[in-house]
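One structure is given here, and the rest of the page talks about it.
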Amino acid sequence: MDNNKSVALFSKAQHSIPGGVNSPVRAFKSVGGTPLFIKGAEGAYMIDENDNKYIELINSWGPMILGHANPDITAAVQEAVNNSLSFGAPTAKEIDIAELICEMVPSIEKVRMVNSGTEATMSAIRVARGYTGRDKFIKIEGCYHGHGDSFLIAAGSGAVTMGVPNSPGVTEGTAKDTLLAPYNDVEAIEKLVAENKGEVAALIIEPVPGNMGLVIPNEGYLQSLRTICDREGIVLIFDEVMTGFRLAKGGAQEVFGVTPDMTTLGKIIGGGMPVGAYGGKKEIMEYVAPAGPVYQAGTLSGNPVAMAAGLTMLNYLNDHPEVYTELAQKGEKLAQGIKEILDAKQLPYQVTLLGSMICIFFTAEKVENFADAQTTDTEKFGKFFHAMLDNGVYLPPSQYESWFMSVALTEENIDSILKAIDKSLDVANQ
Ligand code: PMP
């Protein structure tokens, strides 16, 4: 595989961009080697600057659930572009998308658009604090909620592999209000709540974490969090930036039948454009300015081009529930195939799957939380990752990320991925 153009671009990028990339995980730091510079993508494929073509399982970290360059979304964007790129004034489409989100995710009675998942989570915590009059919040180790200061404590995703789970620049004053508990551990939450009685504003969680690899909630875990939050007057926030509109129309909260007070959403509602949103119970969302006293704003929020893309994507998902059945079948086929390969090779690795999110943990331990995820052999994962690229499959470049499938993946694509996995596991274990 010739990647000389990416090598040259990465070298050039070092001069003007920190680390050569605009978001850390893209730099391939945890898997080694040079990141591929992408020139285009279509359906299930990404094409790099050397014209190498990859079946890809990143899908922009979720939003490309319908595949790349979806003709309906592209057409909606092109039409919107003709009417100018931004107004800084309200538009009818913002109401359409708000109403659609409230319909698809019934726990959301009112929703505010922002420009990224980071903004969504930062704003949601501020609103929960304003609403409860309390300062502290509980965060789960290994969950990632964007790069807001108060979340960069034991964070997942790029923050793990960069080795700065407690990033310099985050003050002790900020960090002291973030309380930490392991995932899937109800006792730890009870302990924190008891030790900080009446001081906890919110509990924020990825209901199905995709930022420490993919981890599945134990039976009753999310329901127990709901019960504790009800008892203690704590705002339960589900960060569904990855799972929203992906695991089901109504996200993980629909799949597990647990209703949060607030939900944060991201990338997927922009269909690939930079969008995020937070919403929830009317009584809480009424605290947001200008309805209420908690300030939150954005010049480009509700951007007309982003709304056109997002509305087209969400309408499609709402009108075509069969997308989720199809994705689940494809996920099942891939997971089953991987398990058979692992069995045949007598490798004890873990495969986790939920709908169209999937991951292989390079460990013999069952992974139920961040500490378990950290028992993985990341060096072997790095070899595996590069062997997958050599075999034409582009995975997220870290062990601590979920893989995302799109409906554009064909059965043949899945067979090719399985063949690549078969060969790449051998390379990783040489
Ligand atoms: N929350 C979760 C669950 C995420 O996965 C991410 C990003 N991957 C974020 C928040 C932050 O979103 P963004 O990168 O758009 O700021």
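Just so you know, ligand 1 is whichever comes first in the structure, and atom 1 is the first atom listed for that ligand.
- Those atoms of ligand 1 that come under 4.0 Å of a heavy atom in Met242, given as number and element, are 5 (O), 8 (N).
- Considering only heavy atoms from C-beta on, Thr352 stays 4.5 Å or farther from Val367 through its side chain.
- With respect to Glu195 and Lys136, no salt bridge is recorded, no charged nitrogen being found less than 4.0 Å from a carboxylate O.
- When Gly146, Gly270, Pro274 are checked for heavy-atom proximity to atom 11 (C) of ligand 1, Gly146 turns out nearest.
- Residue Tyr144 places at least one N or O, backbone or side chain, under 3.5 Å from an N or O of ligand 1.
- Close approach of ligand 1 to Asp239 is summarised as follows: ligand atoms under 4.0 Å from at least one heavy atom of the residue are 1 (N), 2 (C), 3 (C), 10 (C).
- Counting atoms of ligand 1 from 1 in the listed order, those under 4.0 Å from a heavy atom of Thr118 are 11 (C), 12 (O), 13 (P), 16 (O).
- Ligand 1 lies out of reach of Trp61, whose nearest heavy atom is not under 4.0 Å from it.
- For a threshold of 3.5 Å applied to N or O pairs, the pair formed by Glu206 and ligand 1 contains no separation below that value.
- Numbered from 1 in the order shown, with element, the atoms of ligand 1 that lie under 4.0 Å from a heavy atom of Gly117 read 11 (C), 12 (O), 13 (P), 15 (O), 16 (O).
- Remark: aromatic rings of Tyr183 and Tyr221 are close, center separation under 6.0 Å.
- Ring pair Phe238/Phe256: centre-to-centre distance not below 6.0 Å.
- On a distance-only criterion, Asn211 and ligand 1 share at least one N/O pair closer than 3.5 Å.
- Glu187 and Lys191 are not joined by a salt bridge, as no carboxylate oxygen comes within less than 4.0 angstrom of a charged side-chain nitrogen.
- Counting only non-hydrogen atoms, the option in Leu265, Val241, Ile204, Thr121 that gets closest to atom 6 (C) of ligand 1 is Val241.
- Using cut-offs of 30° and 60° for the angle between ring planes, the Tyr316 and His320 rings count as parallel.
- In summary, the atoms of ligand 1 found under 4.0 Å from a heavy atom of Ser116, numbered by their order in the structure, are 15 (O), 16 (O).
- Counting only residues at least two apart or in different chains, salt bridge (charged side-chain N to carboxylate O under 4.0 Å, His left out) contacts with residues 370-392 are absent.
- Checked against side chain to side chain contact (heavy atoms under 4.5 Å, CB included), Glu79 has no partners two or more places apart in sequence or in another chain.
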